[in-house]
Amino acid sequence: MSTDETTRSTILRPKLNRRHLLKTGSAAAVAGAATIGAKRSPAFAAPAVLQGEQITLRYGTWFWYEPGRAEAWRYMIEQFHAAQNEIRIEESGAPFDEFTNNIIVQLQAGGLDDDLVQTTPDLVLRLLRAGQLASLQDVIDSLGITTLSPAHDYITVDGQVHGLDVVTVVFGLLYNAQLFEDEGITTLPASVEEWVEVSQALTSRPDQFGMYSAHLTSEPESFWFQLQEWAMPFDGVWANEAGPQVNSEPIINAVSLFKTFYDTTFPQGSDDSTATRQWGDGQIAQQLIVSAAVNVYRTSAPELYPHIRSYSLPWESKRSIARIHPITVNANGANVDAAKEFVKFLYTPENYRELLTRQLDVIPAYDVGGLDEYFSDLPWLTGYEDISPTTPPDIMGDFIFNNQEFGQIVINRVTEVLTADRPVEEAMAQAQQELEELGGRLGL
Amino acid sequence: MATAPAPVTVAGTVAMTRRRRLARTARRVGYYLLVILVCAVTFSPIYWMIVTTIRPVTANLRFPPQLWPTAIDLSAFRALFDHEPIEQWIWNSTLLSLMATLICVVLAVLGAYTLSSMRWRGRGAFAIFLLMTQMLPEALIIVPIFKIYRDLGLRESLPGLSLIDAAFVLPIGVWILKNMFDTIPKEVQEAARVDGAGPFRVLFQIVLPLTLPGLVAVGVVAFFYTWNEFLFAQSMIGDDGLKPASVGLASMISMLDTPIERLLAAGLIFAIPPVIFYVVMQRYVIAGITAGAVKG
């Protein structure tokens, strides 16, 4: 077994206990209220003071380009600067669509530029496998955190966690309650068939569309990111230890369902940003989308925000993809200790609560407590509460290390299904063949 | 038995002239229709950019789309200048493009002159090799270049970035100028040498004044390439204060909330400097490209 294979299997072995992820979040609220109390601390906890000259850390992330989230992070950094004088944080990174590519270029050229690197669920594995990430176990231990979400298991090697989640997103069904009411829909869909039916009833082209999901090859990241979720109603996986599974029955069903929605309910050709505008303008009734999107909508569509609701996923398993986004520390950087100080500052309970609420996130990464009041003020949260989370490694197998390449092949073939009416089975059979070849080239 | 030619009548001549005139008119109409069609295809995206930026935001979501704006709203431009450092981006792009253009023109002149006027072993192979470098896509060589630049400390530097851009345009610049230099009769250069001029004097006093359009053409090609270049700029420059416009514009695109009208307003402003540059240089460019293309 090669070193790569050893590392890969070590990383992937500790699977996330799916039932635990959201339970941790809800338990956090209960336990937190009991132990810490619902009142938020007015002061921020300062990090341990480092000795010596002022250190400037680069924090590479795409957050700076996201409305709502950017403000939340800038606020936290301001507080960090106010709390001490030794460490300064400098913004770095690129918009989401370019961010991963930039990091991979840096990696292939010998190492990471930034001291702190924000990661996606798949990028963190690449960096971990490449030996670029410092252990953050000492941060967790020094804060006495014992309830870290099991979602971190897959980035824990030899008992050392190598990234700490700062945004957990989970897919759910958001809808515009006003449009549902106008259409006289009082019973929310409880099955896939009802979901299709209701979405079609809400569609009145070209003025109103029952559903939106990213579907353009010009936006490969979001197309693939969202398409993966469509396998959940059928308990499908895109790949597993046996290799790609895109011609399996659940995936064929998933693509067929996507095609049905595309044909009958999507605003065909709308890109993500146009769809966001249409959603804000009341032209789109539903989206199968991550909870974090609500933060963008609160900023970009303030009139719509009070009408946003979610409903329980209309499939029995309630299975849905949860993605953690760990902040990581560059193990080969010059400022590892200082970078850990910043992470420690973020993970201090009062600071973490502040970050989570400012980001409008709903799944805490550990038992932080004190969030009852916050959760009760989020009327759009209900549909996300009974979700059974699954992680990207669970549905991608070893291909999680090459998620982008895998996704590019899939979306190319799915696009043929959507726009050229190519039969689903035929298109996915070709995708399967291409992915097996990819696996061969990658040694998977 | 020979057949007598048909008598040419006045009516027949008039009809033939009319037919010819009609045919000429038809050809001209066809020609102009073709021109209009090509112009429509070329200008429709630009027209759409303009319309999208000057009409109210809500109109951009209507279907069918309004081809003619019924109301004018310039808030996209106001928002652009309020929220984005567009002036800085344009300034950075201008500096970057001028630096790359200067480097490219200087090196292309020397390279082309060496290939055109000097005799040395491997000259032909080297010329072909230069062209082959154009066949490598940027994405293929970004990693090694990134590593070299990181090791040399050339990242986060507009002069450093201009070197890459110049290097990418240099081969085509050398070929354009080489072809132009080849059109100058050897006798002219030899006469100058007989009079005691060295190679550099021949180059600067004889060859370059005769090939000015070629120089301008290379300059325009280098300027345009650098102005539009994205991949290297995006990989090498992370500092907000150094971002060229191509990267700045891309930074306005986010996953869920891209302000389309503001982005297109930025695109319009982004397009203005190269258009002005081209209009100023246009007559030289056409002369340069055509002169370089024909030999003898």
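Each chain gets a letter, A, B and so on, in the order its sequence line appears, and its residues count up from 1. Since this is a predicted model, take the numbers as computed values, not measurements.
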Looking only at A:Glu219, A:Glu91, A:Arg205, A:Glu98, most heavy-atom pairs under 4.5 Å shared with chain B are made by A:Glu98
Close aromatic pair by centroid cut-off 6.0 Å: A:Phe63 and A:Phe99: no
A:Ile289 portion near chain B, given a 4.5 angstrom heavy-atom threshold: side chain
What part of A:Asn101 gets within 4.5 angstrom of chain B, counting heavy atoms only: side chain, backbone, both, or neither? neither
So which of A:Ala301, A:Gly111, A:Gly60 has the largest heavy-atom pair count under 4.5 angstrom toward chain B? A:Gly111
Residues A:Gln359 and A:Trp73: side-chain donor-acceptor under 3.5 angstrom: yes
Is it the side chain or the backbone of A:Glu90 that comes within 4.5 Å of chain B heavy atoms, both, or neither? neither
May I ask you to check whether A:Tyr212 and A:Trp279 place their ring centers less than 6.0 Å from one another? no
If I measure from the heavy atoms of chain B, does A:Arg58 come under 4.5 Å with its side chain, its backbone, both, or neither? side chain
Under-4.0 Å salt bridge between A:Asp122 and A:Arg126: no
Honestly, the part of B:Phe230 sitting under 4.5 Å from a heavy atom of chain A is side chain
Residues A:Asn332 and A:Gln132: side-chain donor-acceptor under 3.5 angstrom: yes
Atom group of A:Ser222 that falls short of 4.5 Å from chain B, counting heavy atoms: both
In terms of heavy-atom proximity below 4.5 Å to chain A, should B:Ile260 be classed as side chain, backbone, both, or neither? both
Can you say whether B:Val57 sits under 4.5 Å from chain A via the side chain, the backbone, both, or neither, judging by heavy atoms? side chain
Could you check which of A:Tyr65, A:Phe96, A:Trp62 has the highest count of heavy-atom pairs closer than 4.5 Å to chain B? A:Tyr65
Most contact-rich option vs chain A, by heavy-atom pairs under 4.5 angstrom, among B:Pro259, B:Ser235, B:Ser251, B:Pro144, is B:Ser251
Can you tell me how far the CG atom of A:Asn402 sits from the CZ atom of A:Arg441, to the nearest 0.5 Å? 10.0 Å
Please report whether the ring centroid of A:Trp64 lies less than 6.0 Å from that of A:Tyr59. yes
Run the salt-bridge test on A:Asp271 and A:Arg277 with the 4.0 Å N-O cut-off and return the result as yes or no. no
